[in-house]
Student: 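If you scroll down you'll find the structure; I have some questions about it.
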There are 2 protein chains.
Amino acid sequence: MTSASDIHAMTMLIRKLESIATLSDEERQAILSLPAKTRVLQPGQDIARDGDTPSQCCLLLDGWAYRYKILGEGRKQIFSFHIPGDIPDLQSLHIHTMDHSLGTLTQAMVALIPHEAMRELTTRYPGIAAAFWRDTLVDAAIFREWMVGMGRKSAFGRIAHLFCEMYLKLEAVGLAGEHRCRLPITQIDLGDALGLSNVHVNRVLQEMRGKGLITLRSNTLVIEAWDDLIRAGEFDPTYLHLQKRAA
Amino acid sequence: MTSASDIHAMTMLIRKLESIATLSDEERQAILSLPAKTRVLQPGQDIARDGDTPSQCCLLLDGWAYRYKILGEGRKQIFSFHIPGDIPDLQSLHIHTMDHSLGTLTQAMVALIPHEAMRELTTRYPGIAAAFWRDTLVDAAIFREWMVGMGRKSAFGRIAHLFCEMYLKLEAVGLAGEHRCRLPITQIDLGDALGLSNVHVNRVLQEMRGKGLITLRSNTLVIEAWDDLIRAGEFDPTYLHLQKRAA
DNA sequence: CGTTCGTTTGAAAAATTTCAATGCTAGTGG
DNA sequence: CCACTAGCATTGAAATTTTTCAAACGAACG
């Protein structure tokens, strides 16, 4: 189970875990020997659906994914955006029925790891279990931060906050720098994530551009005024619980 | 460390864990021998504060607690309400810095369990670790459901949904029945939890009363029309991941 | 070159907040 | 036992934010 792409897959996972936890050599080795099948997925494809009972976890190697739930009357709520290194459905290891869906935003490469292998690994290495557990806890901390936005911040503040968050998450795995990153999220998605209409998102983005805070064109975000953006979003990176701070 | 109240404490914890997971006899025994100190707290007292680095977990034995974060200009976001059996700061076991606060809503009795003891227990019993992990995952599932409300539901739907959720959570630990439960949450708290002004909460509650859905007086909630309330809140209990369904 | 999907614009409508005052109730001290 | 207070609930009116609707525009793709 160690084809070239599988080794790449597990290296990616180790990098991600080490951005939020510490691993021993033995633990790293154990992760490297996890079995996995890699797959390439098209944009807009579902990886797991609300109501499913998956038997494997999905490690995102390349591209973007997102978690969401469809309500009636065309309403949709997006819970999170995921980038390479993430295991967006890690929770399925202990929560057997999906209470939301997971899909791709872009073309994506994923590694599928059987739950059974993950359970063996976590049973045998409590330190790895703790690292995975911690990952799901950071996930929850991000949910809380989004709740703060949806509950108590203006549309402007919410969008600003999301931009700061995505930039730092990307930077932590080496996919962003110089206040510039890829952001393959439509204004409709942005609205569905932040609880806004796409029309309003559009207007707020224009306002942000007008104030010289950002540039956002063809899926590329450039943060022109980091400090101002942070202030507008009342952003404090503590909740990301990154080991090496990158703000 | 096995005074009468400590045994009561761990029995409470076992009951809670068994509402969402399955434990073996040996695991139950191990939990019963956890060390703990019980404390009585006054209403409105903080158990842990944003920025703290706690060294123990708090098992709620009696009374209500809640998690929240204070923003500037009098804004506040409440993330969750907690009832007996919950460990509201279980996450502190793997996330060392609090990114929000935990306080009491009513007078409360808590059992404090050192992190060290929790770590030993979870290292030695992967099944218990999995149960605790699962508990934090359900916690996250509830956050997601609140996000759906704040992002995509009307004030009416959000409040209805919260009432359904709290009722089922209480019922699962034997603290509610016959569509009636205690609810020591002010209209201000309700607003801070759901992202609404207290004034608007008040108006929506009147509307709910007018429609004969609920009665809410002196901290007691009576759900007069369960089916209608579920429909209004678009409530589906799947996300609570209770073992014994109680809807 | 025609679709399709996403962005942009304007105008009107709706939900919700804010402000400011008043009422209510339980607990406190006299 | 009663007045007093603090915290919560309620009300009305005006202001604001955000949504909805409807249409036009633009870029990418086959």
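Within every chain, numbering begins at 1; the chains are lettered A, B, ... in the order of the sequence lines, protein sequences first and strands thereafter.
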Student: Distance check needed: D:dG26 P versus A:Asn219 CG, whole Å only.
Tutor: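 Whole-Å distance recorded here is 19 Å.
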Student: How many Å lie between CG on A:Leu190 and P on C:dG6, as a whole number?
Tutor: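 Computing the A:Leu190:CG to C:dG6:P distance gives 13 Å.
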Student: Let me see the working for B:His161 and B:Tyr239 under ring pair (Phe, Tyr, Trp, His ring centres under 6.0 Å), right down to the final yes or no.
Tutor: CA-CA 12 Å; B:His161 191 279; B:Tyr239 75 100; 5.6 Å; yes
Student: Measure from CZ on A:Phe156 to C1' on D:dT16 and round the result to the nearest Å.
Tutor: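 In whole Å, D:dT16 C1' lies 17 Å from A:Phe156 CZ.
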Student: Under a 4.0 Å threshold between the charged nitrogen and the carboxylate oxygen, would B:Glu145 count as salt-bridged to A:Lys69?
Tutor: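 Answer for the salt bridge query: yes.
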Student: Please give, in whole Å, the distance from C:dG10 P to A:Asn198 CG?
Tutor: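 The distance from CG of A:Asn198 to P of C:dG10 comes to 16 Å, rounded to the nearest Å.
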Student: What parts of residues 199-208 of chain A reach DNA chain C, counting only heavy atoms under 4.0 Å away?
Tutor: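 A:Val199, A:Asn202, A:Arg203, A:Gln206 - these, ordered by number, are the residues of the stretch whose heavy atoms sit under 4.0 Å from the strand.
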Student: Can you tell whether the side chains of B:Arg49 and B:Asp52 come within less than 4.0 Å, N to carboxylate O?
Tutor: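 No, B:Arg49 and B:Asp52 are not salt-bridged.
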Student: Which nucleotide sits closest to the side chain of A:Ser197: D:dT20, D:dT18, D:dT10?
Tutor: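 Out of D:dT20, D:dT18, D:dT10, the nucleotide with an atom closest to A:Ser197's side chain is D:dT20.
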Student: Using a heavy-atom cut-off of 4.0 Å across all strands, would you classify B:Thr186 as base, sugar-phosphate, or nothing?
Tutor: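 Counting heavy atoms under 4.0 Å across all strands, the contact made by B:Thr186 is with sugar-phosphate only.
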Student: Cationic tip of B:Lys169 within the cone over B:Phe81's six-membered ring, i.e. under 6.0 Å and within 45° of the normal?
Tutor: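 Pair B:Lys169/B:Phe81 does not count as cation-pi.
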Student: Please report the distance, rounded to the nearest Å, between CD in A:Gln187 and P in C:dT9.
Tutor: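 Atom-to-atom, A:Gln187 to C:dT9, this comes out as 10 Å.
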Student: Classify B:Gly195 by what it touches in the nucleic acid, base, sugar-phosphate, or nothing, heavy-atom distance under 4.0 Å.
Tutor: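 Answer is sugar-phosphate: B:Gly195 comes under 4.0 Å of backbone atoms only.
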Student: Let me know the distance between CZ of A:Arg217 and P of D:dA28, rounded to the nearest Å.
Tutor: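 These atoms are roughly 11 Å apart.
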Student: Between A:Arg209 and B:Lys153, just flag the one whose closest nucleotide in DNA chain C comes earlier from the 5' side.
Tutor: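 So the residue in question is A:Arg209.
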Student: Using the ring centroid of each side chain, check whether A:Tyr68 and A:His100 are separated by less than 6.0 Å.
Tutor: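 No, the ring of A:Tyr68 stays outside the 6.0 Å limit from the ring of A:His100, centre to centre.
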Student: Around atom CD of A:Gln42, are there more than 12 heavy atoms of other residues, nucleotides or ligands at under 6.0 Å?
Tutor: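 Counting other residues, nucleotides and ligands, CD of A:Gln42 exceeds 12 neighbours.
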Student: For DNA chain D, whose closest nucleotide is more 5', that of A:Ser154 or that of B:Ile188?
Tutor: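 Of the two residues, B:Ile188 wins.
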Student: For the pair made of CZ in B:Arg158 and P in C:dT16, what is the distance, rounded to whole Å?
Tutor: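 Answer to the nearest Å: 6 Å.
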Student: Students often get this wrong, so: under 4.0 angstrom with heavy atoms, is A:Gly191 touching a base, only sugar-phosphate, or nothing?
Tutor: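 Since no nucleic acid heavy atom lies under 4.0 Å of A:Gly191, the category is nothing.
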Student: Provide, to the nearest angstrom, the distance between the CG atom belonging to A:Leu105 and the P atom belonging to C:dC5.
Tutor: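 Spelled out: CG on A:Leu105 to P on C:dC5 is 16 Å.
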Student: Would you confirm whether the ring centroid of A:Trp146 sits within less than 6.0 angstrom of the ring centroid of A:Phe79?
Tutor: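 No, ring centres 6.0 Å or more apart.
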